[in-house]
Amino acid sequence: MPPMQINQIPSSTLPPNPPTYPPNPPPYPSPLTTLLTTAPPDPQTTLTPLPTTLNPLDNHSFLNPPRPATSPLHPSYAAFPPQLQSGTTDAGKPRAAWDVHVYWREDVPEERAYAVEFWEVVRREFPELRIYPLRHAPIGPHLLPMFEVNLFTPAQFGAFVPWFAMNRGPLRALVHPNTWGAEKDVGLWDHTVGAIWIGGEVGVDTGILEEAGRRRREMERGGK
């Protein structure tokens with residue numbers, strides 16, 4: 001049987017929509033002064049204008065200014081940004097920069113069967129990744145059965161995430177960064193505002209994450 005397409009899934013069987021987040025972003029610094037890796041001292045006034053020449057390959061995109069010969073590629077090709085550098089958990093185990101939680105509906109036989117076989121394929125095709133057991137019931141903040149894949153390098157992310165998107169069948173995935181060691185919120189931002197969804201958003205139980213963050217902050221205050 002071919003895998004079920006997402007547009008064939010009855011909406012009445014999906015979890016309720018997650019809460020929406022109000023548009024109240026903090027004041028962000030200028031990207032021109034904080035994100036350019038080859039910026040002059042005052043990029044607002046000294047950067048040369050961007051070229052307006054169209055790319056002859058498609059006549060729609062622009063030709064971009066070349067990077068310096070001393071730095072032909074952006075550093076993110078080789079390493080994640082500092083907020084995502086892999087560290088260690090409280091138990092001393094390596095922490096991945098990104099987690100991929102792959103979901104299915106246990107009461108839909110086609111989805112369950114696809115998930116079980118897909119998990120086996122992932123383990124065989126990507127043995128270098130850290131892959132956790134199949135969880136056939138909701139666990140933690142996750143509202144559906146799932147299995148988890150950890151990604152430690154940009155190369156792993158660039159290989160696995162596009163491959164998953166093209167071969168996921170009826171499965172959905174939450175792809176989220178791991179920054180909570182610095183934020184002390186035990187993943188609330190990572191699982192919500194910072195999350196990437198593939199196949200449609202399922203949502204997470206934010207109450208569990210909020211409570212875990214509260215307990216962590218209380219433990220740290222008690223240890224001071």
Side-chain angles (χ1 to χ4, degrees), residues 1-20 80 84 86 89 91 93-180 186-212:
M1 177 180 295
M4 182 182 297
Q5 299 301 310
I6 287 297
N7 59 12
Q8 296 174 320
I9 298 176
S11 59
S12 60
T13 62
L14 293 176
N17 290 330
T20 58
F80 285 123
L84 294 175
S86 297
T89 66
K93 297 180 180 179
R95 175 180 288 117
W98 290 84
D99 293 346
V100 181
H101 298 277
V102 180
Y103 299 109
W104 68 92
R105 294 174 298 170
E106 190 75 6
D107 59 347
V108 179
E110 296 86 355
E111 283 190 34
R112 185 185 189 280
Y114 192 90
V116 171
E117 293 188 8
F118 191 81
W119 177 79
E120 179 175 345
V121 169
V122 171
R123 292 189 61 195
R124 293 184 184 279
E125 293 295 311
F126 298 92
E128 67 283 356
L129 302 182
R130 189 163 66 187
I131 302 162
Y132 289 84
L134 293 157
R135 302 289 188 180
H136 290 280
I139 183 173
H142 304 286
L143 304 176
L144 288 175
M146 64 94 185
F147 69 87
E148 178 181 342
V149 178
N150 290 169
L151 307 174
F152 291 85
T153 67
Q156 291 178 353
F157 187 100
F160 182 75
V161 173
W163 179 87
F164 173 84
M166 294 297 99
N167 296 285
R168 63 181 177 81
L171 309 179
R172 302 183 178 207
L174 162 64
V175 184
H176 73 77
N178 284 316
T179 66
W180 68 269
V186 193
L188 179 61
W189 186 92
D190 296 341
H191 288 76
T192 54
V193 181
I196 301 169
W197 289 92
I198 301 176
E201 184 170 351
V202 172
V204 295
D205 187 341
T206 57
I208 290 179
L209 295 169
E210 290 170 348
E211 176 62 17

- Which word best sums up how the rings of Trp119 and Phe147 line up, parallel for under 30°, tilted for 30 to 60°, or perpendicular for over 60°? perpendicular
- Arg112 versus Trp104, closest heavy-atom pair with distance: CA-CD1, 3.8 Å
- State, yes or no, whether a side-chain contact exists between Met146 and Ile139 at a heavy-atom distance under 4.5 Å. yes
- Look only at the side chain of Glu111 and the backbone of Arg105, and say whether a donor-acceptor pair between them is shorter than 3.5 Å. yes
- Atom CG of Asn178 and atom CZ of Phe152: how far apart are they, to the nearest 0.5 Å? 9.0 Å
- Query: Just by modelled atom types, is the Gly199 backbone N or O under 3.5 Å from a matching donor or acceptor in the Arg172 side chain?
  - Reply: yes
- Item | His191 NE2 to Asp99 CG distance, which is reported to the nearest 0.5 Å | 6.5 Å
- Heavy-atom check, side chain of Leu174 versus side chain of Trp197, under 4.5 Å: yes
- Is Phe164 close to Val149 at the side-chain level, that is, under 4.5 Å between some pair of heavy atoms? no
- Item | Pairwise side-chain contact, Asp190 with Pro177, heavy-atom cut-off 4.5 Å (strictly under) | yes
Sequence neighbours excluded and cut-off under 3.5 Å, please list the side-chain donor-acceptor pairs for residues 121-129, or say none.
unit_1 : atom_1 : unit_2 : atom_2 : d
Arg124 : NE     : Glu120 : OE2    : 3.0
Arg124 : NH2    : Glu120 : OE2    : 3.1

- Task: Looking only at non-hydrogen atoms, find the nearest pair between Gln156 and Asn150 and report the distance.
- Result: OE1-O, 4.3 Å
- Query: So do Val100 and Ile198 actually touch side chain to side chain, heavy atoms under 4.5 Å?
  - Reply: no
- Message: Going by the rule side chain to side chain donor-acceptor pair (under 3.5 Å), which residues pair with Trp98 if we only count those two or more places apart in sequence or in a different chain?
- Response: none
- Note on the structure: Output for pair (His142 NE2, Ile208 CD1), nearest 0.5 Å, gives 9.0 Å
- Query: At their closest point, which heavy atom of Leu143 faces which heavy atom of Val202, and how far apart are they?
  - Reply: CD1-O, 3.9 Å
- Query: Hey, what do you get for CG (Leu84) to CZ (Arg95), rounding to the nearest 0.5 Å?
  - Reply: 11.5 Å
- Residues in side chain to side chain donor-acceptor pair (under 3.5 Å) contact with Arg135, at least two apart in sequence or another chain: none
- Note on the structure: Closest non-hydrogen contact found for Leu151 with Ala96 is O-CB, 3.5 Å
- Note on the structure: For Tyr103 and Ala173 the tightest heavy-atom approach is CD1-CA, 4.3 Å
- Locate the shortest heavy-atom distance separating Glu106 from Pro145; write the atom from each residue and the value. CB-CG, 3.8 Å
